[in-house]
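Inspection log for the structure reproduced underneath, given as C-alpha cells.
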Number of protein chains: 2
Amino acid sequence: MADIATLQVPQITRRPLHEEAVDRLRELIVQGRIAPGTRLNERLLCVQFGVSRTPLREAIKLLAAEGLVQLLPNRGAIVAKVEAARVAETLAVMGVLEALAGELACRNATDAHLGEIRALHYEMLAMHARGDLAGYFKFNQAIHLKLVKYSGNAVLYQLYRQLNASVRQARYMANLTKKRWDEAMREHDEILAALDARDSARLKALLSDHLTHKLASVIGVLSSPAAA
Amino acid sequence: MADIATLQVPQITRRPLHEEAVDRLRELIVQGRIAPGTRLNERLLCVQFGVSRTPLREAIKLLAAEGLVQLLPNRGAIVAKVEAARVAETLAVMGVLEALAGELACRNATDAHLGEIRALHYEMLAMHARGDLAGYFKFNQAIHLKLVKYSGNAVLYQLYRQLNASVRQARYMANLTKKRWDEAMREHDEILAALDARDSARLKALLSDHLTHKLASVIGVLSSPAAA
DNA sequence: AAAATCCAGTTTGCATGCAAATCATGGAGG
DNA sequence: CCTCCATGATTTGCATGCAAACTGGATTTT
C-alpha cells in the first residue's frame, strides 16, 4: 500500500523561491522585456514575483555570475548591455565551441540523436519556407543546442548555453536580410550532411564558418542600428 | 582646496561584504582547503568570515554559477567534486579556447606583451631547471593566462579563468612525471617561437596539442590515484 | 549664470528571527 | 542482525527591520 504516497514524499518539498525567481528574471531579460542598462529595482521585482527581497537578491547574484546582469556595488544591478564588441567576442568563442561540439558529436552522437536533429532541420526549413521568423529562430536555436548537447561534453554544453543566453537578444537581429537567411539555410544543409556522414573535419569547418558568417551579420546590424 | 577630500569621497564607501566573502570562499575552495563534496555550513563560515548569513548566502550563489560549488535545494551547497570525466571535458574545452586565444594573440598582442610572456617563459624554465614544482606551476599558469588575456577577447579571458579555477586542483596533478615535464618544456619552447613569429596556424596547433597532452597526463593520474 | 553644497526620499546592504526541511540517533518490529 | 520508522537537533530558506549609501533637486556661493 501507499506506493504513491511514499513515492511522492521526496517531491512534496517545494522548489526554493530563489530558483523560481532566477528563471522568471532570466526570462524577462533574455526576452528583452527589461532593456539593457536598466536598473533592477529590487522592491519592484519583489511585488512582481511575489517573493521577499532575500531570495530575489540571491537570484540576481546567480544571474550576475552568468553574465546577464552586472552588479554595481551599493547601486544594485543593471541588465548587462549588449555592446557590439562584446557580442563579437562572444560569438567568436561560440564558434570554436560549436566546432568542437561538432567534432565530438560525429563520434559520440547516436543515430537516434542524428534523427532528432534531422527532424528539427526539416521543421526549420518549413519555417523558412513560410517566412516565419520567430518559428525559424526557435528551431535554429534548438538545432545548435542539440548539436552541442549530443557532443557528450556536459561542460561544453553548459558553457555554450550560458554564452547563448548572454547574446540571445543580439542573435535575433542576425539573419535579417533574406539573402543571409537563404545562405544560412544552405549552410545548415551542408552541416546536416557532414553530420550524417560523421565527417568531423568537414563539420568542424562548416560550423566555424557558419558562426563567422553569423558574427558578421550581427555586427553589421549592431553597428548600424538605424538600418533596422 | 580640499582636493584630497573630494577625490576620496567616491572611495570611502566600503566594499560590500558579500564580495569579500566571495573572494575568501573562492580562495578556500580553489586551494583545496575545503575538500570537494564537503557541505558548506553557512553558520560555520559566517563566524569564520565575520559576516551574517545573508551576504554569505549571496556569495555562495555567485560561486554556484561559476561552477565551484553545487547547490542542493533545501540542502545548501557542497564544494563541486572534480571527477575525472568532468576534468577531461573541461580540459577539452580549454584546449579549443586556448587555441583560439593563440590565434588572436598572434594578431592582437603587442611586442611588449610578447616580451612579458617571454620573460615568464624564462622564469618558468628556471623553475624547471631547479626542479621547483610549485614555482613552475605558478609561472606556467601565468603564461597561459597572459596568452589568453593578450588575445584581446575579454569574454574568452573570463571564461578561460573560470574553467581554469574549476580544475585548478586537478591541474596540479598533471606534470607529475619527469618525462612529461621535460616534454611540456619543449612544447612551451615551440609555443613561444610560434608566438614570436606570429604564426597563428602553427601556434593554434601547438596549443591544441599541448592541452591534449596535459589532458592525457591528468587523466592518467586521476584514473589511477594509487599510482601517485 | 555656473558650480558646488546640502538635504529629503529612495534604494541597497546587512542582521536577525521564525518556519519548513533535512539529518542523526535511538528504538521497535521483523 | 538488519530494516524501518519516529523524534529531537540542526540547518536551510525566507521575511522583515534598520542603517548606510545613493539620487535628484533646491539652495547657496562664487
Side-chain angles (χ1 to χ4, degrees), chain A residues 1-25 29 34-35 37-65 68-80, chain B residues 1-25 29 34-35 37-65 68-80:
Chain A
M1 62 101 194
D3 278 348
I4 296 172
T6 51
L7 282 173
Q8 281 181 343
V9 167
Q11 292 295 346
I12 58 168
T13 69
R14 71 173 190 284
R15 189 164 180 240
L17 292 184
H18 63 81
E19 284 190 16
E20 185 90 14
V22 166
D23 288 345
R24 295 185 61 180
L25 188 49
I29 293 174
I34 311 180
T38 310
R39 255 178 88 164
L40 296 178
N41 187 311
E42 295 180 357
R43 207 143 322 206
L44 200 73
L45 292 169
C46 280
V47 300
Q48 192 168 344
F49 293 169
V51 302
S52 157
R53 284 179 57 217
T54 305
L56 178 73
R57 282 175 60 83
E58 294 179 355
I60 290 176
K61 296 294 181 297
L62 279 167
L63 294 179
L68 285 182
V69 307
Q70 185 181 351
L71 297 180
L72 307 177
N74 294 317
R75 280 190 289 170
I78 63 173
V79 177
Chain B
M1 65 107 191
D3 278 347
I4 296 171
T6 52
L7 282 174
Q8 280 181 346
V9 167
Q11 292 295 345
I12 58 168
T13 70
R14 73 172 190 283
R15 190 164 180 239
L17 292 184
H18 63 82
E19 284 191 16
E20 186 89 13
V22 166
D23 288 344
R24 295 184 62 180
L25 187 49
I29 292 174
I34 310 179
T38 310
R39 255 179 88 165
L40 295 178
N41 187 311
E42 295 181 357
R43 206 143 323 205
L44 200 72
L45 292 168
C46 279
V47 299
Q48 193 169 345
F49 292 169
V51 301
S52 159
R53 283 180 57 218
T54 305
L56 179 74
R57 282 174 60 82
E58 294 179 355
I60 291 176
K61 296 294 181 297
L62 279 167
L63 295 179
L68 285 182
V69 309
Q70 185 181 352
L71 297 179
L72 308 176
N74 294 318
R75 280 189 291 170
I78 62 173
V79 177

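Protein chains get the first letters and strands the later ones, always in sequence-line order, with residue 1 at the start of each.
For the pair B/Pro73 and B/Gly50, both in contact range of DNA chain C, the more 5′-proximal nearest nucleotide belongs to B/Gly50.
The CD atom of A/Glu19 sits 13 Å away from the C1' atom of D/dT12 (whole-angstrom rounding). A straight line from CD1 of B/Ile60 to P of D/dC14 spans 14 Å, rounded to a whole angstrom. Atom P of nucleotide D/dA15 and atom CZ of A/Arg53 are separated by 12 Å, given to the nearest angstrom. For the pair B/Glu58 CD and D/dT12 C1', the interatomic distance rounds to 15 Å; values are reported in whole Å. Rounded to an integer number of Å, the gap from A/Phe49 CZ to D/dA15 P is 14 Å. When rounded to the nearest whole Å, the span between NE2 of B/His18 and P of C/dA15 equals 11 Å. Taking atom CG of residue A/Leu45 and atom P of nucleotide D/dC14, one finds them 16 Å apart after rounding to whole Å. Protein atom CG of B/Leu72 is 13 Å distant from nucleotide atom C1' of C/dA21, rounded to whole Å.
Pairing each heavy atom of A/Leu62 with each of B/Ala65, the nearest pair is O-CB, 3.6 Å. Scanning all heavy atoms of the two residues, the minimum distance from B/Val69 to B/Ile60 falls at CG2-O, 3.8 Å.
Of the candidate nucleotides C/dT16, D/dT16, C/dG13, C/dG13 has the atom nearest to the side chain of A/Arg57. If you check D/dC14, C/dT22, C/dG13 against the side chain of A/Asn74, the one that comes closest is C/dG13.
Here the CG-CD1 distance, from A/Leu44 to A/Ile34, works out to 9.0 Å after rounding to the nearest 0.5 Å.
Between A/Arg75 and D/dT23 there is a side-chain N or O to OP1 or OP2 distance below 4.0 Å. Under 4.0 angstrom from either OP1 or OP2 of D/dA15 there lies at least one side-chain N or O belonging to A/Ser52.
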**Residues B/Leu45, B/Val51; criterion side chain to side chain contact (heavy atoms under 4.5 Å, CB included); working and verdict** = CA-CA 8 Å; B/Leu45 292 168; B/Val51 301; over 6 Å; no
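Considering only heavy atoms from C-beta on, B/Thr54 comes within 4.5 Å of B/Glu58 through its side chain. Using a 4.5 Å cut-off on side-chain heavy atoms (C-beta onward), B/Asp23 and B/Arg15 make contact. Taking the side chain as every heavy atom from C-beta outward, A/Phe49 and A/Leu25 approach each other to under 4.5 Å.
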Return the polar atom pairs (N/O with N/O) between nucleotides 8-11 of chain D and the protein under 3.5 Å, or none.
from, atom 1, to, atom 2, distance (Å)
D/dT11, OP1, B/Asn41, ND2, 3.0

